Each structure stands twice: as C-alpha cells, then as structure tokens.
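Fair warning: this is a prediction, and the values are worked out from it, not measured in the lab.
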Amino acid sequence: MFDGPMKDMIAFQDASTKAMFGAFLGQSSDEGEPTSDGTGDDVDWQAVAGNLNEMWRSFLKNQPAIASSGIVDPARWLDMAGRWLSQYPIGGDEKQTQLFAEGMAVWDTMLGQFGMGESAQLPRKDNRFRDPKWQENPLFAVLHQAYLMLSDQLLNAAEGAQGLSKERKEQLKFFTRLTTEAMSPAHFPLTNPLVIEKTLETGGENLVKGMEHLIADLEAGKLSHTDKNAFVLGENIAATPGKVIHETPLFQLIQYSPTTESVRKTPLLIFPPWINRFYILDLGPKKSFVKWAVDQGLTVCLVSWKSADASMADIAWEDYIRAQIEAIDVVRERFKVPSVHTIGYCVGGTTLAATLSVLGRRGEADKVASATYFTAQVDFTEAGELKAFIDEAQLKMIDSLAGEGYVDGRYLALAFNLLRSPDLIWNYVTKNYLLGEDYSAFDLLYWNGDSTNLPARFHREYLKDLYHDNLLVVPDALSADGTPIDLRRNVTPSYIQAGVDDHIAPLPSVWKLTRHLSGPKRFLLAGSGHIAGVVNPPSSGKYQYWSIGEPDAEQPEVPDTLDAYKAQAVETPGSWWPDWIRWIDAIDPATTKATGKRKPGGRGDTVIEDAPGRYVKAR
C-alpha cells in the first residue's frame with residue numbers, strides 16, 4: 001500500500017500532522033504554563049509529549065515498511081509540494097510583482113476592516129474558517145486571511161500558466177488546489193485556535209486520541225470517516241430481504257423479496273459500479289433505493305460484483321460486458337419474460353451502454369425494455385478532475401501497483417477522496433486527529449470507506465481506452481465478446497439522470513449520453529451530486545430536479561445543447577424517483593401475482609444464500 005507515487009498524498013497528510021504534533025508538544029512546560037482549565041499550570045505537558053512519542057515509536061517499530069517509506073519525514077512532503085509547483089511556469093517577474101501588489105492591497109484592506117470593530121467583514125470567506133475564533137483574535141484573522149490570499153494567487157497563477165497542453169494545465173490546477181488545501185492553517189495545531197483551545201481544555205487528551213486515530217488509519221492504509229463498528233452488513237445496512245439466486249466467479253445475482261401482492265411483470269435488473277460495494281443503493285431502510293423500488297411493486301434483481309483477488313488478474317472490460325449479458329439472460333429465463341428493465345450506476349452505466357450496443361448489433365435489443373443511467377459517462381472529453389490521474393505516467397504507475405494482478409481499492413478510494421479533499425480528507429484530519437473527536441455513525445461514509453479491489457488488466461484498459469483515448473464513442477474502435485461496439489446501435493429507451501453538482505461524472509459529460517445513444521431518451525437533472533443526487537428518497541423532502549415534459553407521456557426530442565435544455569426544463573421540488581417510476585410504467589404497466597419464483601427461496605426454488613451474499617462481505 002505504501003509503494004508508488006500515490007503514497008505521496010498520504011505522506012503529505014499524515015507527516016504534516018505528525019510534524020505539527022511534535023512542534024506543539026515540543027514546547028517546554030514553562031513556556032505558556034497551560035493548565036487543564038486554561039488558567040493554571042497543573043498539566044504535565046512533558047508527560048503528554050512522552051506518551052505521544054512512545055505511541056509513535058511503538059507503532060513504527062511494529063510497522064517497519066511505513067517507517068522506511070519516508071512517510072514521517074516532513075522534508076519529504078515539503079519537497080514533494082515544491083516539485084509539484086516548480087515543474088510548471090506560473091508567471092514571470094512582472095506577474096509576480098503584480099501578485100505581490102495585489103496581496104499587499106488585500107492585506108491593508110483586511111487590517112483596516114479589522115480595526116474598524118467586531119462587525120467589520122473580513123475580505124475573504126471560507127467555510128474552513130467560519131468559526132468565530134478565527135476572527136476574534138487578530139493573529140488568527142491575519143493568518144487565515146493571508147493564507148486565503150496566497151492560495152488565490154497560486155490558483156490564479158496556475159490558471160494563467162502558458163505553454164502547457166490542456167491536459168498538463170488541468171493537472172497543474174488540480175495539484176495546485178490540493179497543495180494549497182493541504183497547507184491550510186486549520187490543519188496544524190499551532191495555527192488552529194480551536195485545536196489550541198481544545199488542547200488546553202483537555203490537557204492534551206485530544207492529541208493522544210488523535211494519535212490513536214492516526215495510527216489506526218496508517219495501519220489500515222486509509223483515512224477513516226465514520227465509526228466502523230456501527231454497521232453490520234445484512235443487519236442495519238444492505239439489509240433489504242432477498243436471496244442470492246445465481247453466482248459466477250465475477251458476480252452474485254441477488255433477488256429481493258416482494259412486499260406487494262402483485263408486481264410489475266417486467267423485472268428490474270440493477271448494475272451498480274464495481275468501484276464500490278453495491279449497497280450505496282441499499283443503505284438504511286429510509287434511504288434504500290432497492291427497498292423503495294420493491295415497495296413500488298417491482299421485482300428487483302441486483303448484481304453484486306466480486307472484489308478482485310489474484311485469481312482475477314486476466315479479467316478484462318469485455319468480461320464485465322459478458323457478465324451483464326449473462327445476468328440479463330438469467331433474469332429473463334427465471335421469470336419467463338421477454339425483457340427486463342435495467343439500471344446502470346456510474347461505470348456500471350457506462351458498461352451498460354456498451355452492453356446494449358452489443359445486443360443491438362446482434363439483433364437482441366428487445367431483451368431490454370429500458371435502460372436507466374445514474375450519473376454515467378460514455379464520452380470522456382469533459383470527464384472532470386479525475387483525468388488528472390490518467391496520463392501515461394499514471395497508467396504506468398497502475399501497472400506497478402498490481403503485483404498480484406489487482407489494484408488495491410484503497411488507492412482508488414484515495415483518488416476519489418482527493419476530488420473533494422476539504423470534505424473527505426482534511427475535515428477528518430482536523431476533527432479526528434487534531435481535535436481528537438470520536439467518529440460518528442454515518443452509513444454513507446461507511447460505504448464510502450468500504451473500498452473494493454479491481455482487476456489490474458481491466459482497470460488499465462478502462463482508463464486507457466475510455467478516459468485517456470475516448471474510444472467508446474468511436475464506432476467499432478472497441479469490441480466485446482467478438483462484437484464491435486457502436487453506441488449508435490443502442491436503441492433501448494433511455495432515462496439519463498445527472499447531478500447538477502457531480503464532481504465524479506460532471507454534468508456536461510453525462511449530457512453527452514444524449515448525443516451518442518439512439519432510441520427515445522428522457523434526460524433528468526437532479527439537485528446535488530454523484531451520490532446525494534441519486535440516493536434521494538421522496539421521504540427526505542430534499543433537493544429538486546429539472547425535466548422537460550411528463551414522464552408518462554410521449555417524450556419530446558432532447559434539445560441539441562445542455563444550455564437549451566436548462567432554458568426549457570421545469571424545476572420540481574423533492575425526489576426524482578416518482579418521476580422515474582412513472583416513466584417505467586409508461587413502458588410496460590402489466591402486472592402479475594407475486595408468487596412462485598417472484599418470491600425467492602420459496603417452495604421448489606433453489607437459491608444459494610441470503611442477501612446480501614458473500615461477495616459484498618469479502619475483504
């Protein structure tokens with residue numbers, strides 16, 4: 001886990017935290033004479049420092065690989081940050097002089113406003129510094145305002161860099177943002193007034209607890225976001241009743257038990273992304289899309305992908321396409337129906353689009369009655385910041401990480417967390433390492449940290465052929481199971497859902513699905529992002545969605561451009577799920593009794609095991 005370039009971001013995070021622990025605790029006990037209540041001198045700071053140092057030495061003794069990796073060397077992460085920025089031109093002397101002048105003007109303005117009284121507004125605002133303690137003391141007000149000013153200068157310089165390719169410039173902007181976010185004064189004990197106050201109040205107990213959290217995360221090789229002991233698969237998460245009805249070395253197929261006396265005749269088959277566990281669609285009962293769909297009278301089947309191990313070294317992308325075709329045929333045969341409804345989430349949706357193109361070319365498009373795409377992409381020209389990880393150097397790095405034939409899911413989780421590092425990395429460094437707070441129980445974050453491994457061959461093919469070379473939208477450039485892939489052969493009625501604030505599958509990128517698929521299409525824009533925009537049950541009363549026309553009427557032509565769509569779309573408050581079920585009913589409203597194999601595991605029905613199955617539990 002600690003070999004390869006991606007460890008640098010973990011080193012940057014953890015070593016800086018450890019270094020600042022040392023700086024704070026390295027003060028002699030008579031420097032500030034702090035006390036347990038902030039007013040006396042009854043705390044033995046040397047004992048606290050000794051306790052922390054002993055914890056750290058013991059950890060390094062038991063983890064020689066981490067100790068020898070350089071992860072605890074502050075010079076390493078400072079050098080790394082310098083190399084990231086120095087390899088790109090950010091402006092000559094004239095530009096630097098201009099930036100300095102602008103910085104001094106902001107500095108003077110900020111000081112002047114601060115001197116006008118407590119009600120004066122500071123020039124720059126940022127949620128990381130919203131606590132009043134960042135403004136009440138002139139030292140911390142100056143500190144965080146100076147940091148924001150310098151961050152703006154670096155980001156503007158990266159934006160204005162000349163002589164770089166588009167891809168290289170995007171990388172510069174991405175890593176500049178990461179570096180400036182990491183250097184926030186909120187992330188270091190001596191420059192964060194909340195941490196200083198907490199340390200004085202607890203006599204350093206917060207730092208001891210924070211060190212325990214840090215060591216536990218280093219041992220696990222990933223950052224914790226939530227209480228890992230608060231959830232048990234099959235009990236309070238991924239708990240919708242059902243049975244595993246089919247199994248291959250690549251996936252298990254789950255069928256959920258009906259809750260209605262009659263069900264829609266055409267069943268629903270869901271293909272989740274294999275980058276994470278399937279139960280993002282089956283969190284607690286109030287958030288579960290699976291349970292909601294079952295309660296609407298759908299016979300719901302779902303693919304649970306296996307987390308890769310050494311036996312899957314030769315698995316390629318076309319194997320996932322074959323798996324989707326197999327799952328479609330198994331469900332059709334089980335219920336003796338001509339077709340199924342399908343859903344593909346994220347990369348599961350990308351692959352579904354290719355699968356339906358293969359079926360269309362084979363003259364088998366009628367096996368699928370409808371296809372719903374949750375935040376999926378097929379054209380990767382505007383795929384967002386993830387492309388910063390996908391150049392030739394990164395592709396070579398992936399090869400180096402796959403010594404046993406698979407890519408460790410912790411690397412993948414880190415890559416996605418970096419896209420929202422203030423929320424998914426640094427927020428937890430501050431809360432759990434510096435303030436020593438206990439982890440809360442949050443099902444979504446539990447799922448987010450439950451990473452899966454990917455077959456190395458598949459992962460490299462997917463990144464190179466789709467993200468890097470964008471071959472999926474080139475007719476017949478790729479093939480699967482002996483059949484060339486041409487997205488124009490995908491004639492299945494499509495429901496395309498995008499998130500307005502999606503940082504993984506950006507809205508402009510998801511929109512491109514409407515340009516490449518044939519057949520009738522309904523495009524729907526949901527409030528929020530990649531997860532909350534999808535997992536938004538009607539009972540929550542949150543967010544909104546934008547659509548054109550009614551879902552159960554003949555669908556109008558999708559506008560030619562995203563801007564034209566936005567101009568015509570009507571906003572509706574709340575969840576979009578009811579819109580989707582109306583669209584499903586318009587395609588096939590027929591129902592049947594929920595008997596026989598519609599109740600998995602009943603008399604005469606051979607099943608493998610209870611849901612959620614073994615594959616989702618494998619680590």
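- The aromatic rings of F374 and W576 sit perpendicular to each other, their planes meeting at more than 60°, with 30° as the lower class boundary.
- K222 contributes a side-chain N or O that, together with a main-chain N or O of G449, makes up a donor-acceptor pair within less than 3.5 Å.
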Test side-chain contact (heavy atoms from CB on, under 4.5 Å) on I237 and L283 and set out the steps. CA-CA 5 Å; I237 197 169; L283 296 173; 4.0 Å; yes

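- Between K291 and D282 no salt bridge is recorded (no basic side-chain N to carboxylate O distance below 4.0 Å).
- The shortest side-chain heavy-atom distance between P272 and I280 does not fall under the 4.5 Å cut-off.
- At least one donor-acceptor pair under 3.5 Å links the side chain of S307 to the backbone N or O of N453.
- A salt bridge links D610 and K243; the closest N-O separation between the charged side-chain nitrogens and carboxylate oxygens is under 4.0 Å.
- R457 contributes a side-chain N or O that, together with a main-chain N or O of D314, makes up a donor-acceptor pair within less than 3.5 Å.
- S494 places no side-chain N or O within 3.5 Å of a backbone atom of I496 that could act as its donor or acceptor partner.
- Side-chain contact check for P612 versus K617: some heavy-atom pair is nearer than 4.5 Å.
- Once rounded to the nearest 0.5 Å, the distance linking CG of L214 with CG of L218 reads 4.5 Å.
- Remark: side-chain polar atoms of N236 are paired, donor with acceptor, to backbone N or O of V232 under 3.5 angstrom.
- You'll find the side chain of Y373 reaches within 4.5 Å of the side chain of L517, heavy atoms only.
- Aromatic ring centres of W274 and F251: separated by at least 6.0 Å.
- Between D227 and D438 there is no side-chain heavy-atom pair separated by less than 4.5 Å.
- When side chains are defined from C-beta on, C301 counts as touching F335, because their heavy atoms get closer than 4.5 Å.
- Here the side chain of Q255 pairs a donor or acceptor atom with the backbone of K597 at under 3.5 angstrom.
- Classification of E326 and R322 as a salt-bridged pair fails, no side-chain N sitting under 4.0 Å from a carboxylate O.
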Report the C-alpha separation of K286 and D443 in whole Å, then their side-chain angles, then the decisive distance to 0.1 Å, and conclude whether the salt bridge (Lys or Arg N to Asp or Glu O under 4.0 Å) test is met. CA-CA 11 Å; K286 294 182 179 179; D443 51 7; over 6 Å; no

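- The only option from L472, V473, L513 that meets the side-chain contact (heavy atoms from CB on, under 4.5 Å) definition with D379 turns out to be V473.
- At a cut-off of 3.5 Å, with distance as the only test, a side-chain donor of T372 or W580 sits close to an acceptor on the other residue.
- In this structure, the side chains of I325 and R362 come closer than 4.5 Å at one or more pairs of heavy atoms.
- Between F231 and Y279, the closest side-chain pair of non-hydrogen atoms is not below 4.5 Å.
- Proximity of a side-chain donor or acceptor of S440 to a complementary backbone N or O of F442 within less than 3.5 Å is not detected.
- For Y467, the ring-ring contact (aromatic ring centres under 6.0 Å, His included) criterion is met by F380, not counting sequence neighbours.
- Across R332 and V340, no two heavy atoms sit closer than the pair CG-CG1, 3.8 Å.
- In this structure, W577 and F289 have perpendicular ring planes: the angle between them is above 60°, well past the 30° mark.
- The backbone N or O of D481 lies less than 3.5 Å from a partner atom in the side chain of E318, making a donor-acceptor pair.
- Considering K173, R420, R177 in turn, R177 is the only one that fulfils the salt bridge (Lys or Arg N to Asp or Glu O under 4.0 Å) rule with E385.
- Taken to the nearest 0.5 Å, the CD1 atom of I608 stands 6.5 Å off from the CD atom of Q252.
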Can you check side-chain contact (heavy atoms from CB on, under 4.5 Å) on H530 and Y345, steps first, answer last? CA-CA 10 Å; H530 197 71; Y345 195 163; 4.3 Å; yes

Yes or no on side-chain contact (heavy atoms from CB on, under 4.5 Å) for H246 and T248, after CA distance, side-chain angles and deciding distance? CA-CA 7 Å; H246 181 74; T248 77; 3.6 Å; yes

With a cut-off of 3.5 Å and sequence neighbours excluded, list every side-chain donor-acceptor pair involving residues 351-361.
unit_1, atom_1, unit_2, atom_2, d
T351, OG1, W317, NE1, 3.0
T351, OG1, V347, O, 3.0
T355, OG1, Q324, OE1, 2.7
T355, OG1, T351, O, 2.9
S357, OG, A353, O, 2.8
R361, NH1, D476, OD1, 2.5
R361, NH2, D476, OD2, 3.4

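- Between D605 and R334 there is a salt bridge, with a side-chain nitrogen of the basic residue lying less than 4.0 Å from a carboxylate oxygen of the acidic one.
- Panel note: side chain S224, backbone D217; no donor-acceptor pair is recorded below 3.5 Å.
- With rounding to the nearest 0.5 angstrom, the CD1 atom of I275 is 11.5 Å from the OG atom of S451.
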Determine, stepwise, if the pair T350 / Y462 fulfils side-chain contact (heavy atoms from CB on, under 4.5 Å). CA-CA 10 Å; T350 304; Y462 193 90; 3.4 Å; yes

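- Without hydrogens or angle criteria, S509 side chain to P506 main chain gives no donor-acceptor distance under 3.5 Å.
- We find the NE2-CG distance between H213 and L435 to be 11.5 Å, quoted to the nearest 0.5 Å.
- The CG atom of L466 sits 7.5 Å away from the CG atom of L471 when rounded to the nearest 0.5 Å.
- A distance of 7.0 Å separates OG1 of T375 from CD1 of I531, quoted to the nearest 0.5 Å.
- K228 places none of its side-chain heavy atoms less than 4.5 Å from the side chain of Y439.
- A tilted orientation is assigned to the rings of F458 and Y320, their planes being inclined by 30° to 60°.
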